[in-house]
Amino acid sequence: MKKYKFGFEIWGLILFLIVMIPNFIWFAVPAPNDILRANSITETVDTIASVCQIVMVAALCIFRNREAKKLCMAPPVIISSGCCVIYFISWIVYYMGIVNTPVILGLVIPPCLAFLFFAIDRKNGIAIIPTAIFTLCHLIYGTVNFII
């Protein structure tokens, strides 16, 4: 904890809001063939994921590693940005009515990896743990509910 200080990390909040844009649209405008609105059969996993998501976002936004450099186009940031692009493309394909394993995985894995690589770039080990748990839960949710 000596390496960390409390301080607002605006880029963590911006990343979260960017990732949430398609979700806000989805809440307001249903997609054709919208299987994501089905009741989940992984309620316990979903609850754990929700708690970890809140902790993850809080950790990304309020804990700053004193050794982290200013945000720049380093490889983890580029990978994080690429994950966001893949995620948006997956939403576009989903809204085109295509629902298959690659699309579901595109909606599940890239946003988690975007947060993970952002945490790695910011040297935010505190955020990595809830991000990893959230990723695992999100993958279980997507796989069990929509792929298997």
Side-chain angles (χ1 to χ4, degrees), residues 6-65 68 70-148:
F6 286 105
F8 186 64
E9 176 65 71
I10 186 70
W11 292 109
L13 179 61
I14 290 171
L15 176 61
F16 176 71
L17 293 174
I18 287 170
V19 167
M20 290 305 295
I21 289 170
N23 295 278
F24 296 143
I25 294 168
W26 176 78
F27 285 129
V29 181
N33 196 19
D34 198 355
I35 66 166
L36 297 179
R37 293 192 189 271
N39 290 332
S40 175
I41 61 171
T42 57
E43 292 179 16
T44 302
V45 171
D46 301 346
T47 301
I48 294 167
S50 294
V51 170
C52 287
Q53 183 180 32
I54 292 166
V55 173
M56 170 190 75
V57 173
L60 287 173
C61 292
I62 64 171
F63 291 110
R64 298 184 74 163
N65 188 319
K70 193 172 185 172
L71 191 68
C72 64
M73 292 308 287
V77 173
I78 294 168
I79 294 168
S80 183
S81 301
C83 287
C84 288
V85 170
I86 293 167
Y87 180 59
F88 292 149
I89 291 169
S90 298
W91 271 109
I92 291 167
V93 172
Y94 182 75
Y95 265 86
M96 292 170 58
I98 300 169
V99 180
N100 55 30
T101 299
V103 172
I104 295 300
L105 292 176
L107 296 174
V108 171
I109 297 172
C112 298
L113 292 179
F115 293 121
L116 185 63
F117 280 100
F118 178 80
I120 290 168
D121 180 74
R122 305 315 306 144
K123 298 181 181 182
N124 190 338
I126 296 170
I128 290 174
I129 295 167
T131 303
I133 297 169
F134 172 72
T135 301
L136 179 62
C137 291
H138 205 91
L139 184 59
I140 292 169
Y141 161 79
T143 303
V144 171
N145 284 287
F146 308 114
I147 296 175
I148 295 178

Closest approach of Ala49 to Phe134 (non-hydrogen atoms, all atoms of both residues): O-CD1, 3.3 Å

Inter-residue atom distance Leu17.CG - Asn23.CG, 0.5 Å rounding: 11.5 Å

Distance (rounded to the nearest 0.5 Å) between Glu9 CD and Ile14 CD1: 9.0 Å

Atom pair CE (Met20) and CZ (Phe16), whose distance is rounded to the nearest 0.5 Å: 4.5 Å

Note, Ile25 side chain near Tyr95 side chain (heavy atom, < 4.5 Å): yes

Parallel, tilted or perpendicular: rings of Tyr141 and Phe146 (30°, 60°): perpendicular

Main-chain N/O of Asn65 paired with Asn124 side-chain donor or acceptor, under 3.5 Å: no

Audit row: Leu105, Leu139, side-chain contact (heavy atoms from CB on, under 4.5 Å) steps and yes/no: CA-CA 8 Å; Leu105 292 176; Leu139 184 59; 4.0 Å; yes

Which atom of Thr131 lies closest to which atom of Cys112, heavy atoms considered: CG2-O, 3.9 Å

Residue pair Met56 / Ala127: nearest heavy atoms and the distance that separates them: O-CB, 4.4 Å

Trp26 atom CH2, neighbour heavy-atom count above 12 within 6.0 Å: yes

Crowding at CZ, Phe8 (>12 non-hydrogen neighbours, <6.0 Å): yes

Nearest heavy atoms of Asn33 and Gly97, plus distance in Å: ND2-O, 3.5 Å

Spatial distance of atom CE (Met73) from atom OG (Ser81) [nearest 0.5 Å]: 5.0 Å

Donor-acceptor side-chain pairing of Trp91 and Tyr87 below 3.5 angstrom: yes

Verdict with reasoning, Leu36 to Leu107, per side-chain contact (heavy atoms from CB on, under 4.5 Å): CA-CA 10 Å; Leu36 297 179; Leu107 296 174; 4.0 Å; yes

Min side-chain heavy-atom separation Ile35-Ile104 under 4.5 Å: yes

Val51 side chain reached by Ile48 side chain, heavy atoms, under 4.5 Å: no

Least distance between heavy atoms, Ala114 atom then Leu15 atom: O-CD2, 3.7 Å

Non-hydrogen atoms of Ser90 and Val103 that approach each other most closely: O-CG1, 3.8 Å

Check: Leu113 and Ile79 side chains under 4.5 Å, non-hydrogen atoms: no

Distance-only polar pair, side chains of Tyr94 and Asp34, donor-acceptor under 3.5 Å: yes

Spacing of CD1 belonging to Ile120 relative to CZ belonging to Phe115, to within rounding of 0.5 Å: 14.0 Å

Straight-line distance of Phe118 CZ to Cys84 SG, nearest 0.5 Å: 10.5 Å

Minimum side-chain heavy-atom gap Ser40-Val45 below 4.5 Å: no

